[in-house]
Protein chains: 2
Amino acid sequence: MSRSPAPRRRATLASLAAELKVSRTTVSNAYNRPDQLSAELRERVLSTAKALGYPGPDPVARSLRTRKAGAVGLVITEPLNYSFRDPAALDFVAGLAESCEAVGQGLLLVAVGPDRSVSDGSAAVLAAGVDGFVVYSASDDDPYLPAILERHLPVVVVDQPRDVPGVSRVCIDDRAAMRRLTEHVLELGHREIGLLTMRLGREWPDAGPAPAIADPQRVRSPHFHVQSERIRGVRDAMTAAGLDPASLTVVESYEHLPSSGGAGADAALAANPRITALMCTADVLALSAMDHLRARGVYVPGSMTVTGFDGVPEALQRGLTTVVQPSVEKGRRAGELLHDPPRSGLPVIEVLDTEVMRGRTSGPPA
Amino acid sequence: MSRSPAPRRRATLASLAAELKVSRTTVSNAYNRPDQLSAELRERVLSTAKALGYPGPDPVARSLRTRKAGAVGLVITEPLNYSFRDPAALDFVAGLAESCEAVGQGLLLVAVGPDRSVSDGSAAVLAAGVDGFVVYSASDDDPYLPAILERHLPVVVVDQPRDVPGVSRVCIDDRAAMRRLTEHVLELGHREIGLLTMRLGREWPDAGPAPAIADPQRVRSPHFHVQSERIRGVRDAMTAAGLDPASLTVVESYEHLPSSGGAGADAALAANPRITALMCTADVLALSAMDHLRARGVYVPGSMTVTGFDGVPEALQRGLTTVVQPSVEKGRRAGELLHDPPRSGLPVIEVLDTEVMRGRTSGPPA
DNA sequence: ATGAAAGCGCTAACAT
DNA sequence: ATGTTAGCGCTTTCAT
């Protein structure tokens, strides 16, 4: 591939027009409105462009003029090692990417890591050249949301935060799904239940990432809505079955580590050794807990029932009893809502369906 | 959160300046050079901005002026369901994202699916507002590469394509790594080997995605360098051990499906029932093959040795004998090479280290 | 410390 | 079918 040496000064549409002794419009048309000039002239323009090493209209200048960036921004507040490690989050990104690809839009991962200060992250949000944002956030008090809203661009929220006025949202009914799953567990005869969840707020009570019994006040905290809705679903079912929801042992894990589920299981069983069912708010937690239990000779479901949430491939393959949610579809719908918003102009809230999957990890208590 | 109604016409830096009766420069300085004006004036600018709903300088206009986009483009030619399903590819993306995040750059996933026509894809490549590209491609004759090079932006290639003049590359020594792994297999006493690989060229010989014995000519095809280098490594070791490399049974899979490995194993064993070792060019293939074999009562490593490539978490956890490559580091280095290129201005080729991991899936032939 | 003027490279009206 | 004119919103010399 012999690349001719680039000219000292990069070619522009104007320089190309000058070279060809035609107007800039004509060159622009050669790229954007082929029907506006003779095929012959167009050919001449394009070949001269190639000769001059002109790659076509500058995307940034074009964006400025057309007010279209050709990309949507994805803001994920959680650490990268969460988004890229949790299969459910990943499926969501894949779905979103797919819908962007379908309409030729790029997907910009906005640099908003937890290692960056909030002001840095907000700066990144403000600096993103995009036509709209998808916000996939774990907390209702997301620090970047104000900056995003400031930009007056189309925004679609996934799962959280809720109640952002004027903004569309794609989600599932976490509470109802978890309630149905819990009903299944209760029907099997379980009465002492442990619940393993991701952390319930952006802050973490004290030093050390070890899972810990959750403060009841945190459980009611509205910041991590998804988690608390799922907990609420468990309580709903317990109350309906005549159990005291306060007897539920809730353990909170700080991180999405491979070991989180196992450590959480230990914490729950230490707090209440009579637990016969361990329900988890994520499959990764449940799978980790199962591995840990099995390594210690606790059989599932013989000695312990374990359930998850999400329906990730590994969970389904291993027969985990769980709630299957359409993660890919979530991403896809979020993208579609951004690409062609409802004609009404009004924000919509789309609640996608979930399914309780009775697997091989739930059975009667020992 | 009470958002004041956005003014009919969006506020700009100029309108803000007019409102404040100061020059545009001053407003610009308030955002970009806080030391160039009194704290008092700056405060006045910022608060008026907030009142007017001005979110700060428009990123696109700023990019046009400063010639900096604040993002790098990632071009992956493979289908999305590959990039987001293969843990090794994912680790690479995570590493790249991490390095971008560290310098406050966004990561733009350029919409270049296989479903899009090349001209569409080129359009997407040409339309991306980025400061540079990372190309993660499966073939040397990548159709988008010419368009990318046209743009005269910094480019870093990962693994492939090779021999792009003037472009830095991050890779591993696939051939040597596979040779070392094969030496281990041969030392165990295996003589009849099957090799499962991803497809070797962009085109696929005939209809149907079923894995098939690879045409020897395709095996020598240079388009999918990574795959063919790995095959070459196997042959190197065979030749050195006095075996005929032509006796190697090579099976090519079209897709990265969960079933690909199993189907590939069947194809290999059908072609040569005396095979005692199944080497795979990806862990996902090997794990799939193992599951399939086990389901059919073939014990690993008792009746069949299975090896992989990549060192993905599940493989390590399950004790797969494989080559561990630093996928995350690959992404990180690619990003770093883009963010601060070598002072010399010359392209570099970084060959990262790999390690042969002897696991529990390789043993003497039955 | 603040302002005036000149573009960055392009596209969209509106002519011709 | 092609050209003219006017910005998109911003930063950056260079003056004051």
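In what follows, chains carry the letters A, B, and so on, assigned in the order in which the sequence lines appear, proteins first and then strands, with residues in each chain numbered from 1.
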*What's the CD-C1' distance between Gln36(A) and dG3(D), to the nearest Å?*
13 Å

_Presence of salt bridge, Asp58(A) and Arg67(B), under 4.0 angstrom_ = yes

*Shortest non-hydrogen contact between Ala128(A) and Pro59(B), atoms and distance*: O-CG, 3.6 Å

*Closest nucleotide of DNA chain C for Pro57(A) versus for Ser23(B): which of these residues is on the 5' side?*
Ser23(B)

*Out of dG3(D), dT12(D), dC10(C), whichever nucleotide has its closest atom nearest the side chain of Thr26(A)*: dG3(D)

*Over how many whole Å does the gap from Lys68(B) atom NZ to dC8(C) atom P extend?*
17 Å

*Grab the CZ-P distance between Arg33(B) and dC10(D) for me, whole Å please.*
15 Å

*Check the distance between dT11(D)'s C1' and Asp58(B)'s CG and give it to me in whole angstrom.*
13 Å

*Residues within residues 39-49 of chain A bordering DNA chain D, heavy-atom distance below 4.0 Å*: Leu41(A)

*Sequence neighbours excluded, which residues qualify as salt bridge (Lys or Arg N to Asp or Glu O under 4.0 Å) partners of Asp131(B)?*
none

*Return the set of residues passing salt bridge (Lys or Arg N to Asp or Glu O under 4.0 Å) with Asp159(A) (not counting sequence neighbours), or none when no residue passes.*
Lys330(A)

*Think Ser38(B) has a side-chain N or O under 4.0 angstrom from the OP1 or OP2 of dA1(C)?*
no

*Does the salt bridge (charged side-chain N to carboxylate O under 4.0 Å, His left out) test come out yes or no for Asp91(A) and Arg332(A), once each step is laid out?*
CA-CA 10 Å; Asp91(A) 276 347; Arg332(A) 202 151 33 201; over 6 Å; no

*asked:* Asp141(A): which residues meet the salt bridge (Lys or Arg N to Asp or Glu O under 4.0 Å) condition with it, sequence neighbours left out?
replied: Arg202(A)

Pairs: protein N or O with nucleotides 14-16 of chain C N or O, under 3.5 Å:
none

*Between dT11(C) and Asn29(A), is there an OP1 or OP2 to side-chain N/O distance shorter than 4.0 Å?*
no

*What is the ring orientation for Tyr31(A) with Tyr54(A), classed by angle as parallel under 30°, tilted 30 to 60°, or perpendicular over 60°?*
perpendicular

*How many Å lie between NZ on Lys21(A) and C1' on dT2(D), as a whole number?*
17 Å

*With axes from five pairs an end, tell me the bend angle of the helix from dA1(C)-dT16(D) to dT16(C)-dA1(D), nearest 10°.*
30°

*Does a side-chain heavy-atom distance below 4.5 Å link Ser139(A) with Thr77(A)?*
no

_Value in whole Å for how far the P atom of dG9(C) lies from CG of Leu126(B)_ = 17 Å

*Among all residues two or more places apart in sequence or in another chain, which pass the side-chain hydrogen bond (donor to acceptor under 3.5 Å, both in side chains) test with Asn32(B)?*
Ser28(B), Arg62(B)

*What's the CZ-C1' distance between Arg62(B) and dG7(C), to the nearest Å?*
18 Å

*Base, sugar-phosphate alone, or nothing: which one does Val60(A) contact when heavy atoms must sit under 4.0 Å apart?*
nothing

*Is there any ring-ring contact (aromatic ring centres under 6.0 Å, His included) pair reaching into residues 93-133 of chain A, and which pairs are they, with sequence neighbours excluded?*
none

_When you measure from the side-chain N and O atoms of Tyr54(A) to the phosphate of dC10(C), is any distance below 4.0 Å, counting only OP1 and OP2?_
yes

Dump the pairs, protein N or O against N or O of nucleotides 6-8 of chain D, anything under 3.5 Å, distances to one decimal.
{"unit_1": "dA6(D)", "atom_1": "N6", "unit_2": "Arg24(A)", "atom_2": "NH2", "d": "3.0"}
{"unit_1": "dG7(D)", "atom_1": "N2", "unit_2": "Arg65(A)", "atom_2": "NH1", "d": "3.0"}

*Could you note down all residue pairs passing salt bridge (charged side-chain N to carboxylate O under 4.0 Å, His left out) where residues 18-35 of chain A supplies at least one of them, sequence neighbours left out?*
none

*What residues, two or more places apart in sequence or in another chain, satisfy side chain to side chain contact (heavy atoms under 4.5 Å, CB included) together with Ser119(A)?*
Ser117(A)

*Calculate the interatomic distance between Arg10(A) atom CZ and dC8(C) atom P; express it in whole Å.*
13 Å

*Does any donor-acceptor pair link the side chain of Thr25(B) with the base of dA4(C) at a separation under 3.5 Å?*
yes

*Output the distance between atom OG1 (Thr48(B)) and atom CG (Leu46(B)), rounded to the nearest 0.5 Å.*
8.5 Å

*Any side chain to side chain donor-acceptor pair (under 3.5 Å) involving residues 339-350 of chain B? Give me the pairs, sequence neighbours left out, ordered by first then second residue.*
Arg333(B)-Glu350(B)

*Can you tell me how far CG of Leu126(A) sits from CD1 of Ile148(A), rounded to the nearest 0.5 angstrom?*
9.0 Å

